[in-house]
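Quick one: the structure is below, and I'll ask about it shortly.
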Amino acid sequence: MAKKKKSAHGSAAFATRAIHAGQDHDRATGAVIPPIFQSSTFVQDGIGGLRGGYEYGRSANPTRTALEKQLAALEGGSHGLAFSSGLAAEDALLRAVVRPGDHIVIGNDVYGGTYRLVNRVFGEWGVAHTVVDLGDLRAVQKAIRPETKLLWIETPSNPLMKVSDIAELTELAHGAGVLAVVDNTFASPALQRPLGLGADVVVHSTTKYLGGHSDVIGGALVLDDDGLAEKVRFLQFAAGAIAAPMEAWLTTRGIKTLDVRMQRHSENAGRLAEFLDGHSAVETVYYPGLSSHPGHAIAASQMSRFGGMLSIAVVGGERVARRFAEKTRLFQLAESLGGIESLVNYPSAMTHASVAGTELAVPENVVRLSVGLEDGDELIADVDQALARAVKQR
Ligand SMILES: *Cc1c(COP(=O)(O)O)cnc(C)c1O
């Protein structure tokens with residue numbers, strides 16, 4: 001359904017693209033790193049005489065362009081668009097695709113804010129939705145109606161690390177004339193590239209692994225279809241939720257190390273998952289790299305590694321889970337994920353508090369870990385001591 005255009009550095013290997021796509025040195029000075037164009041407006045050589053197409057920073061800024069080219073090259077898409085947050089990107093996409101009376105099918109374990117946007121913002125504007133288990137293709141098929149415009153896939157999902165089959169789901173969606181959207185925030189394009197598996201649009205919270213250093217909020221869309229790209233670019237301009245120059249620059253900087261970071265994130269998380277699997281204080285480990293994970297085979301086929309996110313369900317319920325989340329020392333208690341530093345989050349009262357009481361409510365004995373780039377042994381020791389103290393004070 002989509003037209004493929006060649007993107008800059010599109011044929012280079014991933015690690016090379018991450019460093020070079022859109023990142024040409026500054027022609028005027030030779031600066032190896034493209035500068036931050038911290039300017040809201042651009043001089044015109046006579047009315048309408050734009051230099052390089054830039055007129056006002058909401059329509060375009062060279063630093064944002066550098067990021068958008070890099071994003072497109074990373075996901076293997078024709079068009080990259082950078083927004084002020086992941087949710088701003090999602091909002092622009094949804095407004096480009098759905099109208100009152102339309103319908104969205106969405107997975108039953110997605111980022112809480114995504115569900116809030118669909119349920120409480122678009123719901124108010126007359127867009128209906130159905131929540132489904134994306135692992136159950138028949139249920140997905142049944143949920144699709146004539147008014148369905150969009151299938152929202154998040155894999156691995158937040159926070160229960162459910163894995164769904166991107167190729168199968170997009171094929172099913174396309175059979176019904178439905179747009180297949182994949183939130184690729186957890187895997188990042190270093191590990192998983194949904195467009196290559198058939199998806200129409202990739203969504204990112206660049207706040208997470210792409211930025212990678214917990215110092216920027218941002219979002220992105222990458223897609224191939226020229227018509228849809230024009231619609232979302234119009235909304236980016238007309239509604240204005242753009243990535244600002246400093247944020248765009250920080251994100252390009254983060255992306256350059258994405259490939260090596262994802263290797264270490266995956267290695268540390270894999271080791272921690274194995275340590276926790278079989279730990280007496282842990283009921284379930286949710287990590288797609290474990291062969292016991294129900295989505296392991298699919299993850300192994302569509303991801304090159306298993307990433308840095310894992311969740312656990314602890315023995316002893318809410319009290320032990322809360323104590324554990326408060327007893328870690330290296331893992332800092334905070335929302336968000338994907339940064340160099342390890343973070344612990346208690347979803348049901350933190351990131352996913354907004355979906356309490358809905359079909360997406362997260363069990364109260366679940367704790368989510370964003371495994372950072374610190375020493376792997378020290379991370380394991382930290383989790384071990386926190387579990388011991390959490391259990392003791394039961
Ligand atoms: C954080 C997150 C979002 C929202 O992104 P923001 O940058 O916080 O607006 C969307 N999807 C997933 C999977 C996320 O983790």
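What you are looking at is a predicted structure, and each value in this text was computed from that prediction instead of being measured. Note that ligands are numbered from 1 as they come in the structure, with each ligand's atoms numbered from 1 the same way.
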*asked:* Is it the case that ligand 1 has an N or O less than 3.5 angstrom from some N or O of L337?
replied: no
*What residue among V202, D259, L210, L71 forms side chain to side chain contact (heavy atoms under 4.5 Å, CB included) with P189?*
L210
*Just checking, K208 and Y111: is the charged tip under 6.0 Å from the six-membered ring centre and within 45° of the axis?*
yes
*Between E335, H204, K208, flag the one that comes closest to atom 14 (C) of ligand 1 by a heavy atom.*
K208
*Residue of the set T170, V181, V140 for which side chain to side chain contact (heavy atoms under 4.5 Å, CB included) holds with L151*: V140
_Ignoring hydrogens and geometry beyond distance, is a side-chain donor-acceptor pair present between R233 and Q236 at under 3.5 Å?_
yes
*asked:* Tell me the protein heavy atom at minimum distance from atom 4 (C) of ligand 1, and give that distance in Å.
replied: Y111 CE2, 3.4 Å
*Could you walk me through whether T114 and E154 pass side chain to side chain donor-acceptor pair (under 3.5 Å), step by step?*
CA-CA 10 Å; T114 298; E154 187 180 306; 4.6 Å; no
*Output the list of atoms in ligand 1 that are nearer than 4.0 Å to some heavy atom of T207, sorted by atom number.*
7 (O)
*asked:* Less than 3.5 Å apart, any donor N or O on the side chain of H352 or N345 sitting next to an acceptor on the other?
replied: no
*asked:* Please confirm whether E90 approaches ligand 1 to less than 4.0 Å, judged on its heavy atoms.
replied: yes
*asked:* If you measure every N or O of G86 against every N or O of ligand 1, does any of those distances drop under 3.5 Å?
replied: yes
_I'd like to check which ligand 1 atoms, numbered from 1 as shown, lie under 4.0 Å from a non-hydrogen atom of N158._
15 (O)
*So which protein heavy atom does atom 11 (N) of ligand 1 come closest to, and at what separation?*
D183 OD2, 2.7 Å
_Please list, in number order, the atoms of ligand 1 under 4.0 Å from a heavy atom of S205._
1 (C), 2 (C), 3 (C), 4 (C), 5 (O), 6 (P), 7 (O)
*Does G218 come within less than 4.0 Å of ligand 1, judged by its heavy atoms?*
yes
*Taking the six-membered ring for Trp, is the centroid-to-centroid distance between Y209 and H265 below 6.0 Å?*
yes
*Is T185 touching ligand 1 with its side chain, its backbone, both, or neither, if touching means heavy atoms under 4.0 Å apart?*
side chain
*Would you call E68-R64 a salt bridge at under 4.0 Å N-O?*
yes
*Under 4.0 Å from any heavy atom of E154, which atoms of ligand 1 are there?*
13 (C)
